[in-house]
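Structure first, commentary second.
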There are 2 protein chains.
Amino acid sequence: MNVKHNKENVLKTGLDLFCHKGFNSLGIDEICKVTGMTKGAFYNAFKSKEQFLIEAIVLYAKNNVNRIKTQLQANKKDTAYNRLLQFYISMLEVQPKVNFMGCFINNIMSELGATNENVGIAATKAFDEFIEAIEPTVKEAQRENELDANINARQITELLHSTFYGALTRAKSSKDHQQSIHTMNLLFNNLKIKP
Amino acid sequence: MNVKHNKENVLKTGLDLFCHKGFNSLGIDEICKVTGMTKGAFYNAFKSKEQFLIEAIVLYAKNNVNRIKTQLQANKKDTAYNRLLQFYISMLEVQPKVNFMGCFINNIMSELGATNENVGIAATKAFDEFIEAIEPTVKEAQRENELDANINARQITELLHSTFYGALTRAKSSKDHQQSIHTMNLLFNNLKIKP
DNA sequence: ATATTCAAACAGAACGGTCTGTACAAATAA
DNA sequence: TTATTTGTACAGACCGTTCTGTTTGAATAT
């Protein structure tokens with residue numbers, strides 16, 4: 001077996017598996033089988049399955065924050081408001097392609113947040129990072145007079161975040177992202193300052 | 001042991017346990033221990049753990065729909081808009097008392113929706129019932145001119161629902177319901193027709 | 001009223017399978 | 001050589017489910 005098993009690669013694969021199967025339904029054996037690792041190598045690299053999950057959460061958070069920042073900073077010719085809306089819509093539009101798996105952090109939070117403190121902490125931190133990555137663009141939209149500058153930017157961001165995650169969960173449940181896209185559009189419409 | 005083990009009572013207890021521990025973290029042994037049942041009695045009453053969960057979901061949905069209807073129809077002296085807002089706020093306010101467990105349906109959906117079709121169907125049905133229980137009061141608020149009658153009532157209800165569940169998940173994650181209450185207030189403020 | 005029958009409810013040990021984590025020897029690197 | 005990493009087998013716990021035998025209580029027969 002000539003495959004290099006650096007932690008980053010294994011984590012990437014494990015993260016993908018966790019995304020689709022959750023924590024309890026995914027065994028170490030399967031992770032090893034898919035990555036071509038053996039148990040010895042796995043437990044040499046990771047203290048435990050829990051620790052592996054936590055590192056996967058951190059990796060997911062990092063990737064997601066990067067994606068948020070990249071996507072919100074692309075198309076700068078467009079307004080901040082439009083970039084925000086497009087960002088959320090695109091996250092919903094991708095759902096059919098990923099089997100409506102929703103948000104990994106949300107899923108893990110639901111499965112383990114109540115019983116496993118360390119996992120709960122890692123997941124909460126990830127959530128916070130997402131919100132912080134979005135807030136600057138909300139402020140930008142306020143400066144561009146498309147979102148109400150009298151409302152605290154953080155509050156607006158929290159509202160966008162909550163509605164989006166609710167809509168994402170709804171899409172996951174109903175296996176239909178169109179309704180969720182309508183919901184996000186309706187919210188954005190309502191928040192937009194009428195000229 | 002003189003306890004009567006009718007299904008309803010066992011389901012009630014099991015539901016409570018599922019709410020706090022999720023599906024995979026709760027074993028049949030624990031259900032039996034808490035209810036004072038034995039395995040024989042359990043498997044005589046229920047086909048499987050999965051079937052037990054599904055019946056618990058149905059029970060939860062029934063209770064919750066009743067609670068929604070009762071709460072939205074109380075205080076009729078208040079406007080429909082205010083009753084809606086108060087309903088959501090009260091659901092968030094109770095979170096500290098239930099250890100920020102969030103919504104049972106949402107949790108189960110996140111844990112099993114992707115891997116277990118039957119559970120997914122039951123959870124989706126529950127979600128739909130909640131929305132249908134709320135929609136009439138949204139229509140009422142439109143008739144009372146506090147919500148925009150030009151927008152489809154179902155769409156507004158979906159928006160309220162999504163934001164609420166997102167906010168609930170956020171409260172669960174951050175162990176802080178105040179931020180979520182702000183979020184719901186902000187949404188309602190924005191939706192209210194300015195006089 | 002009393003005895004008999006019988007199906008459903010129940011007890012709880014046992015089973016088969018799965019899981020995480022460990023032991024330890026072999027392989028490799030220093 | 002000595003230290004580290006890897007491969008594999010396995011320990012030990014756990015879990016959902018099944019199984020066998022027992023209790024129970026109502027229906028039926030005497």
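Predicted model, so just to flag it, every value in this text is computed and none were measured. Just so it is clear: chains get the letters A, B, ... in the order the sequence lines come, proteins before strands, and each one is counted from 1.
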Would you tabulate the side-chain donor-acceptor contacts of residues 182-193 of chain B under 3.5 Å, counting partners in other chains and residues two or more places apart, or write 'none'?
unit_1	atom_1	unit_2	atom_2	d
Thr183(B)	OG1	Gln179(B)	O	3.2
Thr183(B)	OG1	Gln179(B)	NE2	3.3
Asn185(B)	ND2	Ile181(B)	O	3.3

Legend entry - Among dA11(C), dT6(D), dT17(D), the one nearest Ala41(A) by side-chain distance: dT6(D)

Inset, instruction - Measure from CD1 on Ile31(A) to C1' on dC19(C) and round the result to the nearest Å. - result: 12 Å

Inset, instruction - Run the ring-centre check on Phe18(B) versus Tyr60(B) and record whether the distance is less than 6.0 Å. - result: no

Filtered N/O pairs between nucleotides 22-28 of chain C and protein, under 3.5 Å:
none

Inset, instruction - Grab the CG-P distance between Asn44(B) and dG12(C) for me, whole Å please. - result: 15 Å

Inset, instruction - Would you please name every residue forming a side chain to side chain donor-acceptor pair (under 3.5 Å) with Asn24(A), sequence neighbours left out? - result: Glu111(A)

Inset, instruction - Would you kindly give the NZ-to-C1' distance between Lys49(A) and dT18(C), to the nearest whole Å? - result: 11 Å

Inset, instruction - Rounded to the nearest angstrom, tell me the gap between atom CD in Glu30(B) and atom P in dG16(D). - result: 10 Å

Inset, instruction - With sequence neighbours excluded, give me every salt bridge (charged side-chain N to carboxylate O under 4.0 Å, His left out) pair touching residues 91-104 of chain B. - result: none

Inset, instruction - Report the distance from atom NZ of Lys33(B) to atom P of dC14(D), rounded to the nearest whole Å. - result: 12 Å

Inset, instruction - Identify which nucleotide among dT8(D), dA11(C), dT17(D) has an atom closest to any side-chain atom of Thr38(B), counting heavy atoms from C-beta outward. - result: dA11(C)

Legend entry - Partners passing side chain to side chain donor-acceptor pair (under 3.5 Å) against Lys39(B) (at least two apart in sequence or in another chain): Asp29(B)

Legend entry - Partner residues of Glu135(A) under the side chain to side chain donor-acceptor pair (under 3.5 Å) criterion, sequence neighbours left out: Arg154(A)

Inset, instruction - Return the value, rounded to whole Å, for the distance between atom CZ of Phe42(B) and atom P of dC15(D). - result: 14 Å

Legend entry - Lys/Arg-Asp/Glu bridge criterion (N-O < 4.0 Å) met for Lys194(A), Glu146(A): no

Inset, instruction - Using the test side chain to side chain donor-acceptor pair (under 3.5 Å), find all partners of Glu129(A) that sit at least two apart in sequence or belong to another chain. - result: Lys125(A)

Inset, instruction - List for me each residue that meets side-chain contact (heavy atoms from CB on, under 4.5 Å) alongside Glu8(B), sequence neighbours excluded, and say none if there are none. - result: Asn6(B), Leu59(B), Lys62(B)

Legend entry - Atom-to-atom span, CZ of Phe46(B) to P of dA9(C) - whole angstrom: 12 Å

Legend entry - DNA chain D contacts among residues 13-29 of chain B, heavy-atom distance under 4.0 Å: Leu26(B), Gly27(B), Ile28(B)

